[in-house]
Amino acid sequence: MPPNASQAPPDRKLPQHGVKGAYYAGDWIDIEDCAGTFQPDSSKCSQCPTRSTCPRSQSRNAAAAAASSTEKEVVYDIVIVGAGCIGSAIARELSRYSLKTLLLESADDVSQGATKGNSGIVHAGYDDKPGSLHAKFCWPGNQMFPQLDRELRFGYQLNGSLVLATNQDEVRILDELMERGRKNGVKRLRIVQKEELFEMEPALNPDAIAALHAPDAGNVIPYEFAIALAENAVDNGVELRIRREVTDIVKKGELFEVDVRHWEPKTYVDAREKMGKSADGSESARGGGGSFVFKSGVAVSSLAVMVKGIMMALDENVNNNIRLQSAVATVFVLVITVIIVLKPSSGTKKRGPTELKPAVDKCSPPIGSGEVGKVEVTDMFTGGSGSWNAVKGVTVGRESVKCRYVINCAGSSSDKIARMIGDDSFYIKPRLGDYLLLNRNQGHLTRRTIFPCPDPILGKGVLVQATLWGNLILGPTARDIHNKEARDMSQSSVQEYILSKCKKLVPYFDPKETFHAFCGARSKSSRGDWIIEPSAKDGSFIHVAGIDSPGLAGSPAIALEVVRLLKAAGLKTPPNKSFNPNRAPIITPKAGMRGLKMGPVGKNDSNGTDAEEAKMASNVICKCEKVTELEVVRAMRRSLPIDSSQAIRKRTRAGMGHCQGDPENYNCECRVKAIIARENNVTVDEVGSRPWPATTTLSKRWIDDDEKKDLENRMAAQ
């Protein structure tokens with residue numbers, strides 16, 4: 001039965017991902033059972049153990065392709081525009097085939113658009129209009145998540161969802177939703193009555209009388225999901241370039257020419273210019289800067305010469321003196337090539353044991369107040385806090401890419417991309433969704449995702465959900481940017497709206513435990529449904545546009561559909577015989593402080609060499625989330641380029657805890673930046689920081705008692 005309305009239920013101590021275990025393929029795995037399941041044998045995973053990081057703003061294989069292009073023109077089979085969860089899912093699916101695929105992202109990392117700013121719910125699909133593309137792909141996609149997580153280990157919790165009814169009119173809506181779900185093929189839906197409901201979730205609004213239970217609804221961290229997809233895609237041959245904004249697309253004969261603007265943050269450009277180095281990142285690769293492309297070009301050219309020389313030396317029809325000369329010349333070219341490739345570049349010191357403390361001492365403290373880094377609504381269409389305008393980006397290069405097929409996954413900019421080929425068949429109507437995030441001590445209030453009865457216009461409504469990591473998330477709003485009143489809501493009004501709606505679902509959360517806020521832009525289309533089709537202007541140009549909720553749930557099924565459309569358009573798909581679907585996680589589950597060490601900078605830090613890996617594994621870099629130096633290094637040495645503390649934050653949670661990287665607490669952001677600088681062999685001035693205020697509705701990163709009191713008052717306002 002429901003608890004007393006004024007009495008909060010006791011803490012149920014619900015599991016939190018990474019704490020004494022992990023969520024794997026939907027289920028909880030205790031830490032003792034993680035070996036071989038959540039933590040596989042690394043030799044069986046797609047990313048080969050490597051001791052090098054990626055070149056600046058591109059994957060290793062993209063840099064190698066750029067080098068080989070000096071010898072011949074590179075033509076890609078497919079260019080994917082946009083590396084959110086949709087573009088990354090498609091890239092991963094295409095990596096099953098022996099194709100030349102390029103993934104372009106306009107922001108400074110994958111997952112920076114709508115994927116970063118949403119709830120992370122793997123919806124079941126009962127709410128979608130029967131016959132729509134939403135309905136067609138949501139349930140099939142939902143059912144693919146357990147196997148996806150067995151392979152990619154991004155963390156997936158099969159937690160279920162509840163739609164609450166507080167009166168008989170709302171109970172009738174539950175019946176309608178259940179029938180809609182039946183038509184959409186959703187299994188195991190049922191309506192639970194009050195007594196069972198409060199046994200399932202004792203912290204619900206005492207006025208609730210029934211709920212629609214969808215046990216197949218799940219929960220992921222959306223950016224971790226997209227990162228896992230993109231990593232595995234690149235491991236299997238897909239090339240990635242970030243900070244690449246598509247500026248034009250022209251069809252010439254059978255090929256598209258995609259014009260791309262390469263940008264870098266002004267702080268990075270200034271730091272490079274101060275050292276007299278190129279701002280295009282050409283000198284930022286491990287072991288020798290600008291040399292990466294140059295050395296790769298030398299290696300490719302020399303290989304061709306050596307092959308020719310060997311053939312002549314072995315040809316019995318050639319004069320013996322010429323054969324001998326060919327053999328000597330081949331050996332000479334081999335020796336010179338080895339010297340050039342292995343020699344550190346001028347002006348770049350060879351990486352060796354490196355202490356973190358000097359870099360931490362030089363690091364500028366994180367920003368936590370002011371409006372300088374405020375993200376405008378239009379910036380959210382191209383990566384939000386990771387967009388070129390938000391970080392005062394500077395154009396450092398122009399690129400032209402040729403390909404046979406283009407896949408338009410550009411989110412809120414997908415209509416702009418479509419117009420580049422003369423297709424104006426749809427436009428995007430972005431809808432802003434604001435959230436508040438509460439501390440882990442509030443996550444026990446619900447195991448399942450809690451929804452109100454849906455609004456006929458605004459959709460599923462504001463929800464209450466415990467994240468995979470144990471935080472409580474509240475939101476989102478649904479602010480259509482074409483509605484001036486909704487778009488221009490004050491920060492206090494946004495907070496009041498979220499808090500007042502959420503207390504009608506779970507009234508016992510403490511708003512003073514809020515420590516973070518963010519906003520995402522969802523790309524609703526003018527058609528009112530997803531757009532997954534070849535363009536009427538060109539059958540080799542595939543739109544995957546207007547993918548709003550439940551796009552994350554549908555993403556793996558959408559990827560399969562896109563491959564089908566490509567095949568129908570004439571794409572040949574020979575299998576990638578070396579495709580490996582498995583990926584190891586970046587994080588290591590922990591049992592309290594067992595095996596971990598905390599202390600001032602310099603006390604427990606490793607010197608970055610392989611011999612001190614055990615030291616890395618024990619050295620805590622972020623106190624709140626118990627992130628270790630090894631986890632940061634592990635992320636750095638994966639297949640995606642990383643050059644900012646924000647990118648590490650998304651992969652390891654360093655700086656995502658209660659203190660939000662407070663320099664007076666443990667100064668984790670500067671510790672992370674020092675590791676990035678060491679791993680990339682750059683200065684800390686070249687490493688990006690977490691932006692502020694980005695899209696938050698909070699007045700400062702580290703809120704004070706007055707702001708906490710304001711949040712409490714806003715919750716009580718309605």
Side-chain angles (χ1 to χ4, degrees), residues 52-60 62-67 69-70 108-109 241-245 260-299 301 336-337 339-365 367 372 386 388-399 608 636 641-648 669-670 672-689 691:
S52 67
T53 56
C54 291
R56 178 84 183 186
S57 298
Q58 58 188 329
S59 57
R60 295 182 195 87
S69 67
T70 60
D108 64 356
D109 194 7
R241 301 181 201 173
I242 60 174
R243 300 190 179 98
R244 296 322 201 268
E245 180 188 7
V260 179
R261 181 174 69 91
H262 175 196
W263 65 270
E264 293 290 346
K266 187 176 186 303
T267 52
Y268 170 77
V269 173
D270 290 346
R272 300 286 290 180
E273 289 181 348
K274 189 179 296 184
M275 296 182 290
K277 295 183 178 181
S278 170
D280 64 3
S282 60
E283 294 182 12
S284 61
R286 167 80 53 79
S291 63
F292 184 86
V293 171
F294 169 71
K295 289 179 178 179
S296 299
V298 169
S301 302
I336 295 300
T337 301
I339 292 173
I340 292 174
V341 170
L342 295 183
K343 181 183 178 181
S345 302
S346 60
T348 305
K349 65 178 182 179
K350 186 177 180 181
R351 181 180 174 275
T354 306
E355 293 183 8
L356 295 182
K357 191 175 187 307
V360 173
D361 291 342
K362 293 178 183 177
C363 178
S364 301
I367 299 170
V372 174
W388 74 274
N389 190 52
V391 296
K392 298 180 174 61
V394 176
T395 300
V396 297
R398 302 276 180 179
E399 300 165 359
M636 289 293 303
I642 295 174
D643 50 50
S644 71
S645 61
Q646 179 78 332
I648 288 295
E669 182 164 334
C670 283
V672 167
K673 289 180 69 174
I675 296 172
I676 295 172
R678 181 186 73 193
E679 289 295 306
N680 283 343
N681 199 21
V682 298
T683 67
V684 287
D685 291 338
E686 296 169 72
V687 179
S689 303

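Bear in mind that the values here come from a model prediction, so they are computed numbers and not experimental data.
Remark: of the listed residues V672, V687, I675, V672 is the sole one forming a side chain to side chain contact (heavy atoms under 4.5 Å, CB included) with S645.
Residues satisfying the side-chain contact (heavy atoms from CB on, under 4.5 Å) criterion with A647, sequence neighbours excluded, are D109, I642, S644, R651. Legend: residues meeting side-chain hydrogen bond (donor to acceptor under 3.5 Å, both in side chains) with S689, ordered by chain and number and at least two apart, are K673. Among residues two or more places apart in sequence or in another chain, the side-chain contact (heavy atoms from CB on, under 4.5 Å) test is passed with D361 by K357. Under the side-chain contact (heavy atoms from CB on, under 4.5 Å) criterion, D108 pairs with Q112, R243, W263, not counting sequence neighbours. Partners of V269 under the side-chain contact (heavy atoms from CB on, under 4.5 Å) rule, at least two apart in sequence or in another chain, are E264, E273, A279, V394, V396. Listed by chain and residue number, nothing satisfies the side-chain hydrogen bond (donor to acceptor under 3.5 Å, both in side chains) test with K274 (two or more places apart in sequence, or in another chain). By the salt bridge (Lys or Arg N to Asp or Glu O under 4.0 Å) test, K392 is found to be paired with no residue, residues two or more places apart in sequence or in another chain being considered. Checked against side-chain hydrogen bond (donor to acceptor under 3.5 Å, both in side chains), K266 has the following partners two or more places apart in sequence or in another chain: D270. In terms of the side-chain hydrogen bond (donor to acceptor under 3.5 Å, both in side chains) criterion, residue partners of E399 (sequence neighbours excluded) are, by chain and number, R241, R244.
For the atom pair T53 OG1 and R678 CZ, the distance stands at 11.5 Å (nearest 0.5 Å). To the nearest 0.5 Å, the span separating CD on E669 from CD1 on I367 amounts to 9.0 Å. Going from atom OG1 of T267 over to atom CZ of R272 covers 12.5 Å, rounded to the nearest 0.5 Å. Put simply, SG on C54 and CG on D643 are 10.0 Å apart, with the number rounded to the nearest 0.5 Å. T683 contributes atom OG1, which lies 4.5 Å from atom CE of M275 (distance to the nearest 0.5 angstrom). With rounding to the nearest 0.5 angstrom, the OH atom of Y268 is 4.5 Å from the CZ atom of R56.
Proximity of E686 to I676: side-chain heavy atoms (C-beta onward) are nowhere separated by under 4.5 Å.
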Please walk me through it: do D685 and K362 pass side chain to side chain contact (heavy atoms under 4.5 Å, CB included)?
CA-CA 8 Å; D685 291 338; K362 293 178 183 177; over 6 Å; no
List the steps and the verdict of side chain to side chain contact (heavy atoms under 4.5 Å, CB included) for R261 and R398.
CA-CA 5 Å; R261 181 174 69 91; R398 302 276 180 179; 3.6 Å; yes
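S278 and D280 form a side-chain donor-acceptor contact under 3.5 Å, judged by distance and modelled atom types alone.
The nearest pair of heavy atoms linking C670 to V360 is O-CG2, 3.8 Å.
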